[in-house]
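All of these numbers come straight from a predicted model, not from anything done at the bench.
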Amino acid sequence: MLQSDYTTSQLDVLEAEAIHIMREVAAEFERPCLLFSGGKDSIVMVRIAEKAFWPAPIPFPLMHVDTGHNFDEVIEFRDRRVAELNARLVVASVQASIDAGRVAEETGRRASRNRLQTTTLLDAIEEHEFDAVFGGARRDEEKARAKERVFSFRDDFGQWDPKNQRPELWNLYNARIRKGEHIRVFPLSNWTELDIWDYIRREGIEIPSIYYAHTRRVFERDGMLLADHEVVNRGDDEPVYETVVRYRTVGDMTCTGAVESTAATVEEILAEIAATRITERGATRADDRTSEAAMEDRKKEGYF
């Protein structure tokens, strides 16, 4: 039977754009890699990479900047997914950076290794001579990311300068760099959180269990629910209690908050996100609440 409806859906357009970007990077660069944390955005990127190069394997390695303070469920999923893909995984360890004296462990109640990832990431890029690094950042997440290019130029110090970015006309991307420089590539730039979850629903993609409602011991800090865990420094004035939560984003557990939710399926999560007026990072990332410029400062330092 001939197809009667040739309308392209929004997800089809976003997917096609992301596939084009990945193929462009594979053609233009010598040593690209894909940042894969086991979070939902990087999982979607991996799915798109599979489609972009099928039936061949993904032609570049995956890399995770591991703070050592990640959620167990996410690390288990990461390792299992990499094994299923038969992909090469490069793990850049923040603990190794601390042991080598490259960075100093923070102390105090709000100590976190999240900011320390910058040095670890840049060291790994230099060690493996990666010239393009795929990231899962989206423009809807935060103001600093809204001004980001798809091909984000980084100098030989790994730094981002908003005045030194290239124009992007239509779908034409400038991949020219000098030795030591690299490009951060964001194929999901034009996606929203709702698009990500709708794509997960459509593709039937498996994600870590902590994205769904579950019972967890937490405590409240600055209006956020942080996990009760040995790596999270909790004060005596921060009582622990048990409640039903889920995570909208995952990362270092010292600065990643949960939200109270009973959404246990993708469909329920889609309905929940459609009704919310707070971005996922605004609701769940303590490191982005220090100031309005927190994300932009870290981008200039070289992490995002």
Side-chain angles (χ1 to χ4, degrees), residues 25 28-39 41-42 45 60-70 75 78 88-106 111-138 141-142 144-145 147-166 173-189 250-252 254-256 281 285 287-288 290 293-304:
V25 169
E28 293 281 352
F29 293 91
E30 292 184 9
R31 293 179 178 169
C33 78
L34 186 151
L35 292 177
F36 181 63
S37 64
D41 299 305
S42 63
M45 275 203 304
F60 38 76
L62 312 182
M63 180 165 68
H64 182 208
V65 182
D66 186 357
T67 66
H69 293 171
N70 298 286
I75 296 300
R78 179 202 72 183
R88 174 190 168 205
L89 176 66
V90 175
V91 178
S93 169
V94 172
Q95 183 62 56
S97 297
I98 294 171
D99 295 342
R102 293 284 293 147
V103 293
E105 183 90 80
E106 293 182 4
S112 173
R113 291 184 174 181
N114 196 56
R115 201 177 189 105
L116 307 185
Q117 294 179 91
T118 300
T119 299
T120 305
L121 172 62
L122 295 178
D123 286 350
I125 291 173
E126 182 178 5
E127 177 187 352
H128 297 279
E129 298 183 333
F130 293 134
D131 53 2
V133 180
F134 287 106
R138 307 188 319 269
E141 291 181 280
E142 194 270 341
R145 287 182 169 174
K147 67 177 72 169
E148 189 64 272
R149 300 285 196 271
V150 174
F151 274 36
S152 177
F153 172 76
R154 306 301 167 103
D155 63 21
D156 50 2
F157 294 102
Q159 296 173 320
W160 175 78
D161 181 354
K163 297 179 181 179
N164 197 26
Q165 301 302 308
R166 288 90 179 268
Y173 304 106
N174 186 343
R176 295 184 179 180
I177 57 172
R178 297 186 181 94
K179 182 72 173 179
E181 299 170 342
H182 72 277
I183 299 288
R184 303 286 175 87
V185 185
F186 303 113
L188 305 182
S189 288
V250 298
D252 189 298
T254 59
C255 60
T256 303
R281 297 193 70 88
R285 293 303 294 264
D287 51 330
D288 288 340
T290 55
M295 172 70 78
E296 186 152 339
D297 289 342
R298 291 200 302 279
K299 282 160 61 68
K300 291 178 179 178
E301 289 172 2
Y303 183 59
F304 291 98

message: Would you say that L188 contacts M45 through its side chain, given a criterion of any heavy-atom pair below 4.5 Å between the two side chains?
response: yes

field: Any side-chain heavy-atom pair of L116 and I98 under 4.5 Å
entry: yes

Side-chain polar contacts of residues 61-69 - donor-acceptor pairs under 3.5 angstrom, sequence neighbours left out - could you list them?
residue : atom : partner : partner atom : Å
H64     : ND1  : R78     : NH1          : 2.7
D66     : OD1  : G68     : N            : 2.8
D66     : OD1  : N70     : ND2          : 2.4
T67     : OG1  : H69     : N            : 3.0
T67     : OG1  : D252    : OD2          : 3.0

Rounded distance [0.5 Å steps], CG in L35 versus CZ in R184: 7.5 Å

message: Rounded at 0.5 Å granularity, tell me how far CG in D155 sits from NE2 in H182.
response: 9.0 Å

- request: Step through the shown structure and confirm whether more than 12 heavy atoms of other residues, nucleotides or ligands are within 6.0 Å of CD on E181.
  value: yes

Any side-chain to backbone donor/acceptor pair from [X] onto [Y]? Under 3.5 Å, distance only.
X	Y	value
R149	R166	yes
Q165	F153	yes
Q117	N114	yes
R178	D156	no

- request: For the residue pair F29 and F151, categorise the inter-ring angle as parallel (less than 30°), tilted (30 to 60°) or perpendicular (more than 60°).
  value: tilted

- request: Report yes if the distance between the aromatic ring centroids of F134 and F60 is under 6.0 Å, otherwise no.
  value: yes

- request: Identify, with sequence neighbours excluded, every residue that meets ring pair (Phe, Tyr, Trp, His ring centres under 6.0 Å) alongside F130.
  value: H128

query: Looking only at heavy atoms, which two atoms of A124 and A92 are closest? And how far apart?
result: CB-CB, 3.8 Å

- request: Check F157 against L122 and note the closest heavy-atom contact, atom names and distance.
  value: O-CD1, 3.6 Å

query: For E129, which residues count as a side chain to side chain contact (heavy atoms under 4.5 Å, CB included) partner, sequence neighbours excluded?
result: R31, K179

- request: Take R176 and E28 through the test salt bridge (Lys or Arg N to Asp or Glu O under 4.0 Å) and record every step on the way to the result.
  value: CA-CA 9 Å; R176 295 184 179 180; E28 293 281 352; over 6 Å; no

